[in-house]
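To keep things clear, I will list the structure first and then write my remarks on it.
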Amino acid sequence: MRTIDTLGDLVSPLGGSINAANVIMQLAHPGVGQGVVDSKVDAGRADLHPVKRARTTGTYLAVAVFGTDDDRDFMRESVRKIHAHVTSEPDAAVRYSANSPALQRWVALCLLKYFIDQHEFLYGALDEDEYHRILVDGSSLGTTLNVRRDAWPTTRAEYEELWRTGVAEISMNDEVRDYLTALCNLGFLEVRLGRMGRAIHRVPGTPFELVTRGALPPEFRDVMRYPWTPDDQRRFDRYPRAVRRAGAAGYLPLASTLIAPFAPSGFAVTAESAVA
């Protein structure tokens, strides 16, 4: 039986295939989504530099989850400096600052859901004690950004209230939606990989997008204008079962190796972080 005490205990083989859904959740907040598509820090864009984006996102998550206090302090300051360049113009229809504690808390709440989802889709719901331990350990996802510890939820009820408030604020324009659509069907790979990228977009892109759509709560599918039918749900439900069978047969390391290079990374407001 799996023991769940920390965020690291939630990591599962689904992480590499449901991360695009979490990116959608983050960018569905208008301040986050517009900040990413408007950003002039091109080096941090997943659609233009997918390998670099995967590396820097992985570094942030590794430091937030497994790092020391000194590691997190260094990461926080590095992210703050990069984010200082990501602010809206005075006359912008959507106002944002990538260093906004409110926006960064939304990102961190989504990241916590990313860890929980990859476990629960595969193994079932956390119990209350497990959820509480994860909530306490997960505060580092926020404090490694610009979120004060006292602004982080300490109970499941507090987390769910913050989540409901955030969901009530989501909206999306066509610019953000097009950006996310290209990430989630792997069409963005055509920009950097040409013919190979087109082949990836056409073959694994379709099932990858199905998994992305399936991992989204209905409110986020709605803002993306993704259709969802009972047949889609049945197809999606087969995926975690297949992953569990692959794990039992010892095939998961190979599957993870095949998926990882094509899975879009870049978690919203941290999308501009270029920490080496």
Side-chain angles (χ1 to χ4, degrees), residues 2-12 14-15 18-19 21-29 31-32 35 56-84 96-121 123 125-170 217 265-273 275:
R2 292 166 62 91
T3 300
I4 306 299
D5 293 316
T6 67
L7 289 175
D9 296 327
L10 297 178
V11 174
S12 86
L14 289 185
I18 68 167
N19 54 351
N22 200 265
V23 174
I24 289 175
M25 295 179 210
Q26 294 170 45
L27 272 66
H29 189 293
V32 178
T56 53
T57 295
T59 299
Y60 164 74
L61 289 176
V63 169
V65 176
F66 301 110
T68 65
D69 288 342
D70 286 344
D71 294 334
R72 292 167 181 161
D73 289 344
F74 175 80
M75 177 65 72
R76 184 186 308 108
E77 182 61 17
S78 300
V79 170
R80 186 193 64 77
K81 289 178 180 178
I82 295 297
H83 284 177
Y96 58 84
S97 165
N99 276 324
S100 161
L103 294 184
Q104 292 196 346
R105 183 171 66 177
W106 172 249
V107 169
L109 293 173
C110 290
L111 288 174
L112 184 71
K113 183 169 174 57
Y114 167 69
F115 282 93
I116 292 172
D117 281 353
Q118 63 180 287
H119 173 87
E120 292 193 337
F121 279 131
Y123 302 112
L126 298 173
D127 65 34
E128 289 302 316
D129 288 340
E130 290 171 335
Y131 199 100
H132 177 72
R133 291 195 294 270
I134 292 305
L135 201 54
V136 172
D137 191 57
S139 65
S140 62
L141 295 171
T143 58
T144 305
L145 293 173
N146 196 32
V147 180
R148 299 190 319 273
R149 188 171 296 276
D150 62 7
W152 185 255
T154 58
T155 67
R156 187 171 194 153
E158 290 177 1
Y159 176 86
E160 291 176 347
E161 178 59 29
L162 288 171
W163 183 258
R164 284 192 295 269
T165 300
V167 170
E169 296 175 352
I170 66 174
S265 301
F267 292 97
V269 173
T270 62
E272 279 68 43
S273 171
V275 181

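- Across L162 and P153, no two heavy atoms sit closer than the pair CD1-CD, 3.8 Å.
- Looking at every heavy atom in both residues, L112 comes nearest to L135 through CD2-CD1, 3.6 Å.
- When the side-chain hydrogen bond (donor to acceptor under 3.5 Å, both in side chains) test is applied to N146, no partner is found at least two apart in sequence or on another chain.
- Checked against ring pair (Phe, Tyr, Trp, His ring centres under 6.0 Å), F121 has the following partners two or more places apart in sequence or in another chain: F236.
- By the 30° and 60° cut-offs, the orientation of the rings of Y123 relative to H119 is tilted.
- Residues L126 and R133 form no side-chain contact, since every pair of their non-hydrogen atoms from C-beta on lies 4.5 Å or further apart.
- Atoms OG and CD1, from S139 and I134 in turn, are 11.0 Å apart once rounded to the nearest 0.5 Å.
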Does W163 form a side chain to side chain contact (heavy atoms under 4.5 Å, CB included) with M25? I'd like the steps, not just the answer.
CA-CA 11 Å; W163 183 258; M25 295 179 210; 4.0 Å; yes
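- Counting all heavy atoms, side chain and backbone alike, G166 lies closest to W106 at CA-CZ3, 3.6 Å.
- The structure places SG of C110 at 11.0 Å from CD1 of I24, a figure rounded to the nearest 0.5 Å.
- H83 and N99 make their closest contact through CB-OD1, 3.2 Å (heavy atoms, listed as atom of the first residue, atom of the second, distance).
- Taking the six-membered ring for Trp and thresholds of 30 and 60 degrees, Y131 and Y159 have ring planes more than 60 degrees apart, a perpendicular arrangement.
- Here the closest non-hydrogen pair linking K113 and P217 is CE-CG, 3.9 Å.
- Annotation for D127: atom CG counts as buried by contact number, over 12 foreign heavy atoms lying within 6.0 Å.
- The shortest non-hydrogen separation linking I170 to H29 is CG2-N, 4.4 Å.
- With sequence neighbours left out, T154 forms a side-chain hydrogen bond (donor to acceptor under 3.5 Å, both in side chains) with E158.
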After noting the C-alpha distance and the side-chain angles of L111 and L61, does the key distance pass the side chain to side chain contact (heavy atoms under 4.5 Å, CB included) rule?
CA-CA 9 Å; L111 288 174; L61 289 176; 4.3 Å; yes
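- For N22 (side chain) and N19 (main-chain N/O), no donor-acceptor pair under 3.5 Å exists by modelled atom type.
- Judged by distance alone, the side chain of D71 and the main-chain N or O of T68 form a donor-acceptor pair under 3.5 Å.
- For E160, the salt bridge (charged side-chain N to carboxylate O under 4.0 Å, His left out) partners are R156, not counting sequence neighbours.
- Taking CG of L10 as the start and CD of Q118 as the end, the distance is 7.0 Å to the nearest 0.5 Å.
- For residues 134-147, no pair satisfies salt bridge (charged side-chain N to carboxylate O under 4.0 Å, His left out), with sequence neighbours left out.
- Atoms CG and CZ, from L141 and R72 in turn, are 9.0 Å apart once rounded to the nearest 0.5 Å.
- Here E130 contributes atom CD and I116 contributes atom CD1; the two are 10.5 Å apart, rounded to the nearest 0.5 Å.
- With rounding to the nearest 0.5 Å, the separation of OG in S97 from CD in Q104 is 8.0 Å.
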Yes or no on side chain to side chain contact (heavy atoms under 4.5 Å, CB included) for V65 and V11, after CA distance, side-chain angles and deciding distance?
CA-CA 11 Å; V65 176; V11 174; over 6 Å; no
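- In this view, T143 satisfies the side-chain hydrogen bond (donor to acceptor under 3.5 Å, both in side chains) rule with no residue, not counting sequence neighbours.
- For R149, the CZ atom counts as loosely surrounded, since its 6.0 Å shell holds 12 or fewer non-hydrogen atoms of other residues, nucleotides or ligands.
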